[in-house]
Every structure is written in C-alpha cells, then in structure tokens.
Number of protein chains: 2
Amino acid sequence: MTSDFTIAVHSLVYLAYLPGNRASSEAIAHNVATNPARIRKVMGALRNEGFVKTREGIHGGYMLAVNPELVTIGQVYETISRGALQPKWQTGDPDHGCPVSSNTQNVMDCIFQEAESSYAAFLHQYTVADVLEKIENRHQTV
Amino acid sequence: MTSDFTIAVHSLVYLAYLPGNRASSEAIAHNVATNPARIRKVMGALRNEGFVKTREGIHGGYMLAVNPELVTIGQVYETISRGALQPKWQTGDPDHGCPVSSNTQNVMDCIFQEAESSYAAFLHQYTVADVLEKIENRHQTV
DNA sequence: CCGTACTGTAATTTTATTTTGTACAGTTTA
DNA sequence: TAAACTGTACAAAATAAAATTACAGTACGG
C-alpha cells in the first residue's frame, strides 16, 4: 500500500494548523518530508473532492476548503486510498478443477472488501481536528 | 503487504476440504499456485500457533490440527499478518521544530494500530469452515 | 542401515511496487 | 513580461515481495 493516505492526512492537518490555512506544495513537502511533485499529486485528488482549493500562479498554493472539525480521516481514506488494502497477488488458478483453487480468490476478494469497510468505518471516528489535537497534546506531554 | 494471510487461509481451507485433512507442501503449493518453499514458511508459522501439525520424512506433510468450524480467519490474520497494514514510510521529521512535522507519524501509528484491530475484529466473524462453504456455494451457483 | 520422500531454512535472483527526481507546459499577478 | 506557483508526465532509484535454488535434517520402508 502507498503512503498517500498518510500524506493526505498530514497535509490537511498541517493546513488546519497554519493560521491562514494555506501553504505551497514546497512548504507542505518540507513539513511532510517528501518532494513537492508528490504533494501536488495528492493535493490534486483532495481538490477534486473539495477538501482543498488550489490556486495556480504567483502566490498560489493550497488552502483548506472544509471545516477540519467536520471532515473525518475516514472520508480522506475513502477518496485517496479505497482499495489499497486488497492484496494484488492472486491465489490459486481459475482453471484448476478444484473449487478451492479456482474460487478462493473470489471469496477472499469479497472478504477483503468488507474488512476494508470496517477499517474505513473506524477511521470515520476521527476528524482532521481530532488528529491535530492529538498531535498538539502529545507535544505537550511527551 | 505480503499475501501470506491469503496463502494461510487458502491452505487451511484446502486442508479442511480434503478428506484426510492432510497434504504435502507441494500439493498445497500447486493448489495455491506458488512454490513449496513459500508454503512451508507460512505453514511453519501456522504450526507454531497450533493450527496444523507437520510431519517430516517420507509420507510427511501438513495436517489440520484444529476444528475448522472453530478457527476464525481473524485468528489466522493475527498470527500471520499482524502489523502488515502499517505503512513503512515515515511522514515528517522528528527533529523539525513544528509539532505537526515531528508528531504526525506517532499519532498516525497509533491510529493505524487501532484501525487494524477493527480490521482483525471483522475477520473474526468468519471461520475457516465459513470460507470453505462460501467457496463451495459459489462453485454451484456461478 | 541405506535410499526415498518429505520438511526447515537460508541465500540469491527476479519481479513488482513505491518513492524520488527532473522537466516543462500552463496559470496568475505584480 | 518575468516571477512564482500548480499540473502532469516520465525516468530513475530505492525498496519490498515473490520465486528459485540449494541443502541439511528427519522419518519411514525395504
């Protein structure tokens, strides 16, 4: 699985943390510790779903477009990484006479999908603001 | 994430399916469509947790050691793949002055662990026998 | 007590995936 | 019209997963 979800959450939390709720891909990349091109790709997906607004050109960048107390990281997961938990490797052989060999993959696919929904449902418990709060609390206590 | 969990479930289901509940690594590998060495590695882990018994030497192989109606695939997940859902890539920089950069990874680690527990809890719904039943039903209906 | 058919395990190679880096066209505004 | 951005594509590098190979150890059957 890629780390796009982690990057998306980190970026949204960072925007929520900043006074003006805006930053360039370079500033976000520096905070996340990756390169600007990768941030732009992830932010593009977030923009498509309305989480952020982007502005090109000079003084452009990314701006939070939603209330961080209302957006859950489950929503972020669904838009960025839905399907990422499904292993790509295929078990068995569809043409094998044995039903176990030919059908286990289908049954597992179905189970993986349901299990991923559980995973996403869990993530709906936390909003972007919750994550920021955890980060700030940890900063004080540890 | 590796596909060891898929292979473990497939192997257990296959043993449950076979009349004698026993097979060699080569027979399982053929059914799963991989190589015997990989099967032996996964089966070794299953043996350590008591799911199967192994016998070396001639006429050796793997034998189901539990009631497939009582073992859940959540248990299999816990022994084979616990931690597999945690991305290895690290976000931010622990030495960055900004708390978002230095602490997001820790907070996400914690959330990923909890979310994985939800995932595993979901998998506890299904026993090895349930999976086999789904496979056989699908064979008849599709 | 030797040969055959297995498992256990480690090392290596191959393949696939993920991440990074680079480049450049398009956009905005000062 | 130059400067500072985003959008996007492609190539390179790094990492992870899977397959392959090899061989020591074990157990049975003659």
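Just so we're on the same page: letters track the sequence lines, and every chain starts at 1.
By the salt bridge (Lys or Arg N to Asp or Glu O under 4.0 Å) test, A:Arg82 is found to be paired with A:Glu78, residues two or more places apart in sequence or in another chain being considered.
No engagement by B:Met43 is indicated, since no non-hydrogen atom pair under 4.0 Å with the nucleic acid exists.
Against DNA chain D, the stretch residues 47-57 of chain B makes heavy-atom approaches under 4.0 Å through B:Glu56, B:Gly57. For DNA chain C, the neighbouring residues in residues 30-39 of chain A, judged by any heavy atom under 4.0 Å, are A:Thr34, A:Asn35, A:Ala37, A:Arg38. Sorted by residue number, the list of members of residues 4-19 of chain B with any non-hydrogen atom under 4.0 Å from DNA chain C is empty.
Side-chain contact check for A:His96 and A:Ser102: no donor-acceptor pair (N or O, by modelled atom type) lies under 3.5 Å. Neither side chain, A:Tyr126 nor A:Glu133, offers a donor N or O lying under 3.5 Å from an acceptor on the other.
One can place NE2 of B:His59 at 8 Å from C1' of C:dA5, the figure rounded to the nearest angstrom. Rounding to whole angstrom units, CD of residue B:Glu26 and C1' of C:dG8 are separated by 16 Å. Rounded to a whole Å, the OH atom of B:Tyr62 is 9 Å from the C1' atom of C:dC6. The CE atom of A:Met1 sits 12 Å away from the P atom of D:dA16 (whole-angstrom rounding). In this structure, B:Arg40 atom CZ and D:dA24 atom P are separated by 15 Å, rounded to whole Å. Between A:Ile58 atom CD1 and D:dA2 atom C1' the separation is 9 Å, expressed in whole Å. Atom CH2 in A:Trp89 sits about 15 Å away from atom C1' in C:dT15, given to the nearest Å.
Rounded to 10°, the helix from C:dC1-D:dG30 to C:dA30-D:dT1 has 10° between the axis fitted to its first five pairs and the one fitted to its last five.
Evaluation of the salt bridge (Lys or Arg N to Asp or Glu O under 4.0 Å) test over residues 33-52 of chain A, restricted to residues two or more places apart or in two chains, returns A:Asp4-A:Arg38.
Residues B:Val131 and B:Ile135 have side chains in contact (heavy-atom distance under 4.5 Å, counting atoms from C-beta outward). Side-chain contact between B:Thr6 and A:Phe112 is present, with at least one heavy-atom pair separated by less than 4.5 Å. The shortest distance between side-chain heavy atoms of B:Val9 and B:Val128 does not fall below 4.5 Å. The shortest side-chain heavy-atom distance between B:Ser11 and B:Tyr62 does not fall under the 4.5 Å cut-off. Contact annotation: the side chain of B:Asp109 approaches that of B:Gln105 to within less than 4.5 Å [non-hydrogen atoms, C-beta and beyond]. Residues B:Thr72 and B:Val76 are not in side-chain contact: their nearest non-hydrogen atoms beyond the backbone lie 4.5 Å or more apart.
Expressed to the nearest 0.5 Å, how far OG of B:Ser3 lies from CD of A:Gln90 amounts to 9.0 Å. Between the CG atom of A:Leu12 and the CG atom of A:Asn21 there is a distance of 10.5 Å, given to the nearest 0.5 Å.
Along DNA chain C, the nucleotide nearest B:Gly44 and the nucleotide nearest A:Lys41 are compared for position; the residue whose nucleotide lies closer to the 5' end is B:Gly44.
Taking 4.0 angstrom as the limit, B:Ser25 places a side-chain polar atom (N or O) nearer than this to OP1 or OP2 of C:dT7. Proximity of A:Ser24 to the phosphate of D:dA4: no side-chain N or O atom is located under 4.0 Å from OP1 or OP2.
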Worksheet item: So B:Arg55 and B:Met63, side-chain contact (heavy atoms from CB on, under 4.5 Å) or not? Walk me through it.
Response: CA-CA 8 Å; B:Arg55 216 166 80 194; B:Met63 185 171 182; over 6 Å; no
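Note: A:Tyr119 and A:Tyr77 meet the aromatic proximity criterion, with ring centroids under 6.0 Å apart.
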